[in-house]
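Letters go in sequence order (proteins before strands), and every chain restarts at 1. Treat the numbers as computed from the prediction; the structure is a model and nothing was measured.
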Protein chains: 2
Amino acid sequence: MPDTTRAPRQDNRRIQLLDAAAALFAEHGFHAVSMRDIARNVGMLPGSMYYHFPSKNDLLLATYEEGVRQLSQRVDLALADEDEPWARLEAACKAHAEILLNESDYAQVILSVFPRDVAAISDNLKPLRDGYEDRFRILIEALPLAADVDRNSLRLMLLGALNWSKNWYNPRHGSPREIATDMLALLKRSLV
Amino acid sequence: MPDTTRAPRQDNRRIQLLDAAAALFAEHGFHAVSMRDIARNVGMLPGSMYYHFPSKNDLLLATYEEGVRQLSQRVDLALADEDEPWARLEAACKAHAEILLNESDYAQVILSVFPRDVAAISDNLKPLRDGYEDRFRILIEALPLAADVDRNSLRLMLLGALNWSKNWYNPRHGSPREIATDMLALLKRSLV
DNA sequence: TTTAAAAACAAACGATTGTTTGGTTTAAAA
DNA sequence: TTTTAAACCAAACAATCGTTTGTTTTTAAA
């Protein structure tokens, strides 16, 4: 063990390693990707990765955390410009769809790797997911809705439909923002 | 090779084997389940399973086919009693939710194992999924909707929300039929 | 320029993976 | 009751898995 600890080097490749892991996990799923696959993609030998992460599960956990961070940051940024409740929800949905379908491998990992697929760390993964989704609970709380509308069902329906869209999304048939707009439009006019 | 082929024996365990595979695939995902896990669950040695199925991928393919068969049969049965377009769609959604969340491990496999997780047979899996979902396209086609309603978005939203519900479903907070009713209600009153 | 820590290499570890092979038991047709 | 195919067992196969260990290279502080 070293006597003193230094800052990471300039050529530290922890982030590139995490990027490669996120991209592969997002595309093929957790179990379908081996540590050797990731190492090959980042130009590193398999054993070398263990300098940066103590295990494959920890690698997944790190991508989850980064995914939640990116999603949260992106949605918060989109919300900053909006005041009206419906506009705020729409902005959040657009940001959600955009980062999910286009921008971030990390975010896609959250939706394509289910906690129960990795039982050993499912207790660590679930709260990360839930914490992010709570933003939508608050956004829907603020909507002026008819008295008999179940806000919980509304949230589950909206987020479910958006999250599932990664299974059929095709850039040629509409952008992520358009998808979010369409879905919200279907709901909105009945609920006001 | 035998000179003549006989019918399967009375004690043939192909179905029990398929049942065990479906249950495990549905609960843990395809890659998280080993052939030995399945063998143990059905009380068989690992090698013996290869008498019934030539590979693990074929085992998955068979569960997919059975899942689609069960879903289709269940939905068709529910549709037989209904005439009015909205009632038909609601009956289909209820049946879809019910078999998905409660009744069939086979059906759950279709939603929890993504074709791209098993690249080698993804071309076989996708059309099975699509063929079933086409029923909903037809049901929505028959709805009397305002001219500006995008039927494709409606289908994707409804099915997406229902399919995603397996990620949050909790029997204590409403039955599958109630979930389907709630979601359809959210959409219905705005679209007529 | 020396030196210590950061980072990666090189090579292997034991365990588990899907699968194959050859022989044995069991049910049912003859 | 004999016989044949169905069904399973028992044991191993090569390949791949995540991971560990000991050593070497590289960066940057001293």
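- Paired regions of DNA chain D, where each region holds three or more successive Watson-Crick or G-U pairs whose two hydrogen-bonding distances fall under 3.5 Å, are C:1-29 with D:2-30.
- With a 4.5 Å cut-off on side-chain heavy atoms, A:K94 and A:P176 do not count as touching.
- Other residues, nucleotides and ligands place more than 12 heavy atoms under 6.0 Å from the CG atom of B:N170.
- With B:Y50 as the aromatic partner, B:K56 does not meet the cation-pi criteria of under 6.0 angstrom to the ring centre and within 45 degrees of the ring axis.
- Here the P atom of nucleotide C:dT19 and the CZ atom of B:F53 are 13 Å apart, to the nearest Å.
- Residues B:I38 and B:F25 form a side-chain contact, since some pair of their non-hydrogen atoms from C-beta on lies under 4.5 Å apart.
- Here chain A contacts DNA chain D (any atom closer than 4.0 Å to a heavy atom, that is under 4.0 Å), and the contacts span D:dC17 to D:dA28 from 5' to 3'.
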Find every protein N or O atom lying less than 3.5 Å from an N or O atom of nucleotides 4-11 of chain C, and list the pairs.
from	atom 1	to	atom 2	distance (Å)
C:dA4	N3	A:R6	NH2	3.3
C:dA5	OP1	A:D3	N	2.5
C:dA6	OP1	A:R6	N	3.2
C:dA6	N3	A:R9	NH2	2.1
C:dA7	OP1	A:R9	N	2.9
C:dA7	OP1	A:N12	ND2	2.5
C:dA7	OP2	A:N12	ND2	3.3
C:dA7	OP2	A:Y51	OH	2.6
C:dA7	O4'	A:R9	NH2	3.3
C:dA8	OP1	A:R13	NE	2.7
C:dA8	OP2	A:H52	NE2	2.6
C:dC9	OP2	A:L45	N	2.9
C:dC9	OP2	A:S48	OG	3.1

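- Linking ILVMFWY side-chain heavy atoms closer than 4.5 Å, directly or via other members, places B:L128 and B:L59 in a single hydrophobic cluster.
- Residue contacts shown for A:V42 are absent, as no nucleic acid heavy atom lies under 4.0 Å away.
- No more than 12 heavy atoms of other residues, nucleotides or ligands shown are found within 6.0 angstrom of CD1 on B:I15.
- Side-chain contact, A:Q73 with A:R69: a donor N or O sits under 3.5 Å from an acceptor N or O.
- Residues B:S72 and B:R135 have side chains in contact (heavy-atom distance under 4.5 Å, counting atoms from C-beta outward).
- Geometrically, A:K126 does not engage A:Y64 in a cation-pi contact, judged by NZ or CZ lying under 6.0 Å from the ring centre and within 45° of the ring axis.
- Look at CE on A:M35: it is 16 Å from C1' on C:dA12, rounded to the nearest Å.
- If you chain together hydrophobic residues whose side chains sit under 4.5 Å apart, B:I138 and B:L156 never meet in one group.
- Atom NZ of B:K56 is separated from atom C1' of C:dT20 by 17 Å (rounded to the nearest Å).
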